[in-house]
Amino acid sequence: MMIPLRALALAALAAAACMQGARAANAADAAFQAWLQSLWPQAQALGVSRATFETATRGLEPDLSLPELVIPGRPERKEPGQPEFVETPAVYLKETTFDRLAAQGRKLNDQYRPTLTAIERQFGVAPTVVLAIFGRETDYGRARDTHNAVRVLATQAYYGKRKENFRDEFLLALRMLDQGYVKLADMKSSWAGAMGLTQLLPSEFYKYAVDFDGDGRLDIWNSVPDALASAAKQLVDKGWQRDLRWSYEVLAPNDVDCTLGVPDNTLPIGEWLNKRGFVPAYGRKLSPAERAEPASLLQPAGLYGPAFLATKNYFVIKEYNFSDLYVLFVGHLSDRILDPRPFETPWGKVAQLPTRDLDRMQQILTAGGYYHDKIDGKAGMKTRAALGEYQKRNGLKVDCWPTAALLAHMEASGR
């Protein structure tokens, strides 16, 4: 049977494309392997043996399925993003999730009471706070990491948006292997390279890992005492203050000015209550010491949800994960382990703009002199306050929340 010339031509083109793709892949792999080998002197300077280096890098290929990669010749794909930065408060802070995690947290609070008491005595971090981090990060150890940590860190160091940071993390991961803290087959991580029950990067492991069970090993993967103590040490080293709450939920007055909600705008809690009209949720009675503590106003959904007076410890947790929603989750879960009540003010139904739209808003706000922080496509405290200032100056409703309509107004007005 005669095969049509058009079919033969198409088959030849397809074969050529496959060969071209294979050559490109081989070239990329060769370049990746050459880059890996170029890191040997730096690994050696950290004390990594040649045997460990060869074992860890032999046959290693980049994982191109990871998010936040910049691959030459491939259009930057739309990423799902971390839930902390793309979900609305109502979605991220679900009551059903808190109910489940708080119930398990109460069991663990009883099970590990001697350990948690000892951690609080040494580090000054309440048991419920480290348990809440444990619950948020890995569902109390039930959500196990599945990625090869060495492959993740090498890929992010080669193709990621923060190459220098991840190169150092990759080298320290090799050092961890060489020093016998974990076996290569057991060195699993998240897509971003964090490891263990409370999620530490290799650099954080060397700074904060604690042998709290006294077995002579730093085991953040399997030892709950080690993992919880390591989380506590990380908080303390970032400035955690003993006997200070993470925040206080408050009921905001009807005329609240949401543009006041920036970290640097602090007042003693007593002044927020007496002079600004805020009321502690559930009629909580605050001691004189609590009323004297400085705090910032936090309205994570603008006017459409709960308000909080955030203390210094709020911002310490934020150093663990730079997201208001993450801090709210950890802080509220720590409360719920002992107190079953939800937030008194419910979350409103608001939409979360895509990262690219928030990025555009920040660019316009920066050009107009409203915003003076980094452009990161995230609607944090400073971005929300800047939006409120824009709304004030343009005669709009001041709610400090980014919407598609507000972005359209900003683009149309050009200011």
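Note that the numbering runs from 1 along the sequence shown for the chain.
- Formation of a donor-acceptor pair under 3.5 Å by the Asn313 side chain with backbone atoms of Val316 is not found in this model.
- Both the sub-6.0 Å distance and the 45° axial angle are satisfied by Arg245 relative to the ring of Tyr248.
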- Begin with the C-alpha distance, continue with both residues' side-chain angles, and end with the deciding distance and a verdict on side-chain contact (heavy atoms from CB on, under 4.5 Å) for Leu325 and Thr88. CA-CA 9 Å; Leu325 292 186; Thr88 63; over 6 Å; no

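- Judged by distance alone, with hydrogens and angles left aside, the side-chain atoms of Asp211 form a donor-acceptor pair with the main-chain N or O of Gly216 at under 3.5 Å.
- Using modelled atom types and a 3.5 Å distance limit, the side chains of Asn165 and Glu169 yield no donor-acceptor pair.
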- Check against side-chain contact (heavy atoms from CB on, under 4.5 Å), Ile375 and Gln363: CA-CA 7 Å; Ile375 295 173; Gln363 292 175 3; 3.7 Å; yes

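- One N or O on the side chain of Trp401 and one on the backbone of Ala351 form a donor-acceptor pair closer than 3.5 Å.
- Annotation for Ala227 and Thr198: closest pair O-OG1, 3.2 Å, computed over non-hydrogen atoms.
- No more than 12 heavy atoms of other residues, nucleotides or ligands shown are found within 6.0 angstrom of NZ on Lys94.
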- Task: Test Tyr390 against Tyr371 for ring-ring contact (aromatic ring centres under 6.0 Å, His included), laying out the working first.
- Result: CA-CA 10 Å; Tyr390 176 90; Tyr371 182 68; over 10 Å; no

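- For Trp272, the ring pair (Phe, Tyr, Trp, His ring centres under 6.0 Å) partners at least two apart in sequence or on another chain are Phe278.
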- Query: Going through the checks in order, is the side-chain hydrogen bond (donor to acceptor under 3.5 Å, both in side chains) test met by Arg336 and His332?
  - Reply: CA-CA 6 Å; Arg336 290 287 284 270; His332 188 54; 3.0 Å; yes

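- Taking the six-membered ring where tryptophan is involved, the planes of Trp35 and Tyr158 are tilted, since the angle between them lies from 30° to 60°.
- Using modelled atom types, one finds a donor on one side chain and an acceptor on the other under 3.5 Å when comparing Gln199 with Asp145.
- A donor atom on one side chain and an acceptor atom on the other are found under 3.5 Å apart for Asn274 and Arg291.
- Judged by distance alone, the side chain of Thr311 and the main-chain N or O of Trp246 form a donor-acceptor pair under 3.5 Å.
- Listed here is the closest heavy atom pair of Ala192 and Leu153: O-CD2, 4.3 Å.
- The closest side-chain donor-acceptor pair between Tyr208 and Asp237, if any, does not fall under 3.5 angstrom.
- To the nearest 0.5 Å, atom OG1 of residue Thr266 and atom CG of residue Leu260 are 12.0 Å apart.
- Note that Arg175 lies in the cation-pi zone of Tyr206, set by a 6.0 Å cut-off to the ring centre and a 45° limit from the axis.
- Taking all atoms of both residues into account, the shortest heavy-atom contact from Leu303 to Val398 is CD1-O, 3.3 Å.
- Look at Glu164 and Arg167 and you find a salt bridge, because one of the NZ, NE, NH1 or NH2 atoms lies within 4.0 Å of a carboxylate O, short of that distance.
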- Query: Can you check side-chain hydrogen bond (donor to acceptor under 3.5 Å, both in side chains) on Asp178 and Ser49, steps first, answer last?
  - Reply: CA-CA 7 Å; Asp178 194 74; Ser49 70; 2.7 Å; yes

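- Using a 4.0 Å cut-off between a side-chain N of Lys or Arg and a carboxylate O of Asp or Glu, Arg384 and Asp399 do not qualify as a salt bridge.
- Among Arg113, Lys107, Arg106, the one residue that satisfies the salt bridge (Lys or Arg N to Asp or Glu O under 4.0 Å) test with Asp110 is Arg113.
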- Task: Verify side-chain hydrogen bond (donor to acceptor under 3.5 Å, both in side chains) between Ser223 and Asp213, making sure each step is shown before the conclusion.
- Result: CA-CA 8 Å; Ser223 170; Asp213 60 14; 2.8 Å; yes

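- Between Glu87 atom CD and Ser323 atom OG the span is 10.0 Å, to the nearest 0.5 Å.
- Judged as a disulfide (SG to SG under 2.5 Å), not a single pair has a partner in residues 272-377 (not counting sequence neighbours).
- Atom CZ of residue Phe170 and atom CD of residue Gln156 lie 13.0 Å apart, to the nearest 0.5 angstrom.
- Glu120 and Ala126 make their closest contact through OE2-CA, 3.9 Å (heavy atoms, listed as atom of the first residue, atom of the second, distance).
- Side-chain contact annotation: Ser65 with Asp63, donor-acceptor N/O pair under 3.5 Å present.
- For residues 219-285, the disulfide (SG to SG under 2.5 Å) pairs, not counting sequence neighbours, are Cys258-Cys400.
- You'll find the side chain of Pro300 reaches within 4.5 Å of the side chain of Trp347, heavy atoms only.
- Counting only N and O atoms by type, the side chains of Gln362 and Tyr370 include no donor and acceptor under 3.5 Å apart.
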- Just do the side-chain hydrogen bond (donor to acceptor under 3.5 Å, both in side chains) check on Tyr181 and Asp219 with the steps written out, would you? CA-CA 7 Å; Tyr181 290 114; Asp219 185 3; over 6 Å; no

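- The backbone N or O of Pro306 sits nowhere less than 3.5 Å from a side-chain atom of Glu249 that would complete a donor-acceptor pair.
- Atom CZ of Phe212 sits about 10.0 Å away from atom OG of Ser230, to the nearest 0.5 Å.
- A cation-pi geometry, defined here as NZ or CZ lying under 6.0 Å from the six-membered ring centre and within 45° of its normal, holds between Arg341 and Tyr282.
- Applying the salt bridge (Lys or Arg N to Asp or Glu O under 4.0 Å) criterion to Asp186, with sequence neighbours excluded, gives no partner residue.
- Judged by distance alone, the side chain of Glu204 and the main-chain N or O of Leu201 form a donor-acceptor pair under 3.5 Å.
- Residues passing the side-chain hydrogen bond (donor to acceptor under 3.5 Å, both in side chains) test with Asp257, sequence neighbours excluded: Thr259, Lys392.
- In this structure a side-chain-to-backbone donor-acceptor pair under 3.5 Å is present from Ser413 to Met410.
- Glu61 places no side-chain N or O within donor-acceptor distance of the main-chain N or O of Asp29, the cut-off being under 3.5 Å.
- What you find for Ala56 and Val150 is that their closest heavy atoms are O-CG1, 3.9 Å.
- When atom types are taken as modelled, the side chain of Arg142 and the backbone of Asp139 share a donor-acceptor pair closer than 3.5 angstrom.
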- Message: For Thr115 and Val224: C-alpha separation, side-chain torsions, deciding distance, then whether side-chain contact (heavy atoms from CB on, under 4.5 Å) applies.
- Response: CA-CA 9 Å; Thr115 294; Val224 172; over 6 Å; no

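- Geometric assessment of Lys318 against the ring of Phe322 yields a positive cation-pi assignment under the 6.0 Å and 45° thresholds.
- Put simply, the side chain of Glu68 never gets that close to the backbone of Tyr159: no donor and acceptor are under 3.5 Å apart.
- With values rounded to the nearest 0.5 angstrom, Leu406 atom CG is found 11.0 Å from Asp357 atom CG.
- Two rings, from Phe308 and Phe343, have their centers less than 6.0 Å apart.
- Sorted by first then second residue, the ring-ring contact (aromatic ring centres under 6.0 Å, His included) pairs that include residues 39-58, not counting sequence neighbours, are Trp40-Phe53.
- Within a 6.0 Å radius of NZ in Lys238, more than 12 heavy atoms belonging to other residues, nucleotides or ligands are found.
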